[in-house]
Amino acid sequence: MFRPVRRFVSRSRPVIPIAIGICVGITLSLLCSPLLDSNCGFDSFVHVGSSRKTNAFFAGIDDKGNPLNDDDFEPVLMTANNPPVKKSIEQHRLVRMRYISSELGIRDKLFVGVVVSRGDIDLESTTVGINKTISHYVSKLVFFTKSSDPEAGLTGLNVVPIEADKTVTRTFEIWKSIYENYGNDYDFFLLIQDDTYLFGERMIDFVGQINIGQDVYMGIPIHEADMEVTYCRREAGYIISRNLLNQVGEFWEDCMRKSWSSMPDLEIGRCVHEHTGAVCSAQHEGSLYHSYNFEDKVLTPVEMSDRGLRKALTVYNVMDRRTIFKLHMFFNEMALNQTYKKITANQKIIEVTSKYTPEGKQSLSWPTGIHSPYNPSTRFDIFSWEYFSMTHLYGSSDAEPKIPLTGANKHDIDEVLTTAMSRLNDKYDNAFMLGHLVNGYRRFDPTRGMEYTLDLELKLTGEKKEIQKRVHLLRPLNKVEIVSMPYVTEYTQVTIIVPVVFSNREEVRLFLDSFSKICLESHDKSSLMLIFIYTPTEARSMATNDIFGVTKGYVTYLERKYPGSHISWISVKTSIPSLIAVMDVVAAKFPSDTLIFLTNVKVELSTEFLNRVRMNTINIWQVFFPIPFSQYDPAIIYADAPNPNHIDVSKSAGHFDNHLYEHASFYNSDYSHARQLWDEKHPGSTTDHIQSDIDLFEMFLNTKLHVFRAVEPALKQRFQERTCHPTLHEDQYQRCLEGRAEGLASRSQLAMLVFQQQQEEEH
């Protein structure tokens with residue numbers, strides 16, 4: 001009996017501790033349950049949020065550091081009629097700067113102010129010479145005048161009128177205006193007189209070597225012993241840094257009231273010294289301010305050799321505009337010669353150090369220091385050469401293998417020949433005269449520039465002997481520069497002008513549907529005006545049988561469907577419609593600041609393209625003539641395939657038609673100005689002789705506006721069969737015929753069509 005019990009105990013020995021643990025746990029849970037039902041003395045830490053009691057403990061403090069208790073909590077009953085109220089959290093919106101340079105505190109380098117004291121600004125004043133010689137170097141150029149009405153042709157100048165009788169008061173007012181309007185935008189401020197020439201390139205290099213965090217008051221110092229002040233001579237110009245201007249700027253008016261002398265430069269120096277302790281100095285951190293007095297002097301070879309003039313940053317007491325231009329040419333020639341010397345020195349260093357490279361001197365390319373020619377990896381990457389003579393250019397395009405050498409091409413070849421002869425005569429002591437050009441080749445290498453190879457037949461000077469020489473020239477690519485453009489946005493309203501004639505009235509419905517989808521449904525800032533063009537015969541039956549009646553009714557339907565939409569139409573009677581004749585009618589119906597996009601009913605509108613119109617059209621600056629992607633004739637390209645009813649940008653579907661000029665965007669004021677200049681150039685003429693769309697393009701070329709013409713993939717145009725009027729000028733008529741032929745299909749598609757027709761005729 002004891003043996004089985006003993007056996008059971010021995011087998012269950014590993015389980016006994018587990019069983020004991022379970023029993024102890026159950027016993028402890030039964031003993032502690034009465035304590036958990038009560039608050040156990042923690043009433044001050046229990047938060048009752050509903051009818052069910054919670055066991056969450058809040059042993060914390062409030063925002064002021066006081067301990068929490070029962071009074072700090074209130075029960076809240078949540079029902080469907082009493083939803084929880086979200087606490088509003090005040091969020092501070094982060095305002096970002098428009099430009100990253102403003103956010104990073106990056107400022108322009110130099111502000112130049114010119115004190116105009118020698119009468120009003122006119123074409124013969126030295127002010128015009130100053131503007132033309134330094135405006136493209138400095139960050140900001142402002143002319144402080146006594147009058148705000150410069151001559152009409154000089155409205156491009158940045159003029160700030162300062163009305164003050166006394167010279168001292170006017171100078172303080174100028175510095176006060178600079179401090180209030182430009183004080184935080186530039187690192188250095190230079191003030192000169194209107195008889196001072198400033199070499200802008202050298203001045204920019206000069207201030208670029210100065211620490212922008214220093215208190216700088218530089219110029220030609222003059223020490224006033226009685227007042228113990230060293231000030232800068234105003235005729236030579238003087239520089240004040242932004243740090244120093246911010247310290248003294250708020251005291252300009254106080255110093256103006258305390259001034260007692262008639263010397264403005266002395267009073268400025270005294271004010272700067274009184275409030276900042278700074279004195280005028282000609283030297284700062286190794287940079288020396290040089291100036292030259294040109295009073296009663298003429299720019300002769302003796303003056304050009306003067307070391308003081310050659311080192312000068314400013315030249316003062318220059319009495320006329322012509323002398324300013326002569327000084328500018330002298331300083332630029334001197335800078336150009338120094339550049340040539342640096343290039344020659346760098347080329348010698350490259351030649352010396354090239355032998356230490358792995359390839360040795362074989363790694364050198366001509367000219368030294370220029371990128372080596374592009375090495376094509378496949379035959380498709382080879383840049384082809386163009387052959388030229390003195391009269392024609394060959395191989396420029398497959399469509400026109402031989403074209404006359406005219407315009408920019410002729411100017412390019414003439415300049416290359418002149419340069420080649422000049423270099424040959426410099427090398428061989430004027431031993432040659434040009435006989436004629438035997439062969440000429442050129443190609444554009446995007447890694448280095450335009451390359452030329454010339455075979456010249458040369459005549460020896462004083463002899464009848466002729467020799468031939470081959471010369472190589474390179475017109476290298478220069479440093480890429482960013483052209484400053486006015487600021488424009490994509491929020492300008494575009495007014496779309498669409499002329500409609502009888503032959504394309506069926507296309508208007510597709511255009512209006514596209515306009516509704518792209519502009520009206522998305523609430524784009526654009527409006528539409530349809531120009532219904534009637535011939536004299538069609539106009540007589542307009543009251544009884546209007547050929548555009550259905551279209552006008554559909555426009556009325558869209559106006560009701562989209563309240564607030566801007567869709568209008570007008571009727572025009574003309575025998576020969578032209579873009580200029582249409583715009584003469586339209587221009588009178590819109591304000592001068594209206595952005596106009598002139599197009600036709602064949603285009604497919606897109607938001608991307610309309611934004612491109614807004615960005616590329618700048619008032620009083622630039623007009624935009626996009627080159628559309630024109631679809632080929634669907635009857636040819638989709639003869640054996642279904643028409644997809646949309647245009648894909650591909651070489652088999654269409655091409656960029658550079659013969660079209662009927663798509664244009666411009667401001668109404670720019671058109672009016674261009675039209676006025678066109679009438680002055682063609683007095684007594686009417687719009688009857690204007691039949692080609694290129695006339696509008698040439699009209700804007702006659703102005704000073706930038707004419708931007710480029711391919712536009714977002715502007716797609718459905719196929720249209722062109723009508724070439726024999727009354728056009730000969731060149732315009734030939735261009736129209738070429739455009740009509742190129743717009744049918746690609747060469748391979750036309751060749752295949754001809755081949756198929758020949759096969760059908762044979763069978």
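Remark: Arg709 qualifies as a cation-pi partner of Tyr661 under the 6.0 Å distance and 45° angle criteria applied to the six-membered ring.
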**Request:** Give the intermediate values and the outcome of side chain to side chain contact (heavy atoms under 4.5 Å, CB included) for residues Ile324 and Ile130.
**Result:** CA-CA 7 Å; Ile324 287 181; Ile130 294 173; 3.9 Å; yes

**Request:** Tell me, with the steps shown, if Phe383 and Tyr374 meet ring pair (Phe, Tyr, Trp, His ring centres under 6.0 Å).
**Result:** CA-CA 9 Å; Phe383 301 126; Tyr374 175 73; 5.1 Å; yes

**Request:** I would like to know whether Thr453 and His472 meet side chain to side chain donor-acceptor pair (under 3.5 Å); could you show each step before the answer?
**Result:** CA-CA 5 Å; Thr453 300; His472 301 276; 3.3 Å; yes

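Side-chain polar atoms of Thr617 and Ser665 form a donor-acceptor pair below 3.5 angstrom. There is a side-chain donor-acceptor pair under 3.5 Å between Ser746 and Gln749. Judged purely by distance below 3.5 Å, without hydrogens or angles, the side chains of Glu303 and Tyr292 pair a donor atom with an acceptor atom. A donor-acceptor contact closer than 3.5 angstrom is absent between the side chains of His663 and Glu712. Side-chain contact, Thr196 with Thr314: no donor N or O sits under 3.5 Å from an acceptor N or O. The closest side-chain donor-acceptor pair between Asn439 and Tyr387 falls under 3.5 angstrom. In the model, Asn619 has a side-chain atom that pairs as donor or acceptor with a side-chain atom of Ser669 under 3.5 Å.
Judged by distance alone, the side chain of Gln622 and the main-chain N or O of Asn616 form a donor-acceptor pair under 3.5 Å. With hydrogens and angles disregarded, no donor-acceptor distance shorter than 3.5 Å links the side chain of Ser135 to the backbone of Lys132.
Salt bridge annotation for Lys469-Asp455: absent, with no cationic side-chain nitrogen under 4.0 angstrom from a carboxylate oxygen.
The aromatic ring centroids of Tyr441 and Tyr452 lie 6.0 Å or more from each other. Not less than 6.0 angstrom separates the ring centroid of Tyr667 from the ring centroid of Tyr671. Between Tyr632 and His655, the ring centre distance stays below 6.0 Å. Checked against the 6.0 Å centroid criterion, the rings of Tyr197 and Phe331 qualify as a close aromatic pair. Taking the six-membered ring for Trp and the full ring otherwise, the centers of Phe388 and Tyr394 sit at least 6.0 Å from each other.
Atom NE2 in His392 sits 8.5 Å away from atom CG in Leu405 (nearest 0.5 Å). For the atom pair CE (Met699) and CG (Leu705), the distance works out to 10.0 Å, reported to the nearest 0.5 Å. Here the CG atom belonging to Leu454 is positioned 9.5 Å from the CG atom belonging to Leu434, to the nearest 0.5 angstrom. Taking NZ of Lys311 as the reference point, atom CG of Leu288 lies at 7.0 Å (rounded to 0.5 Å).
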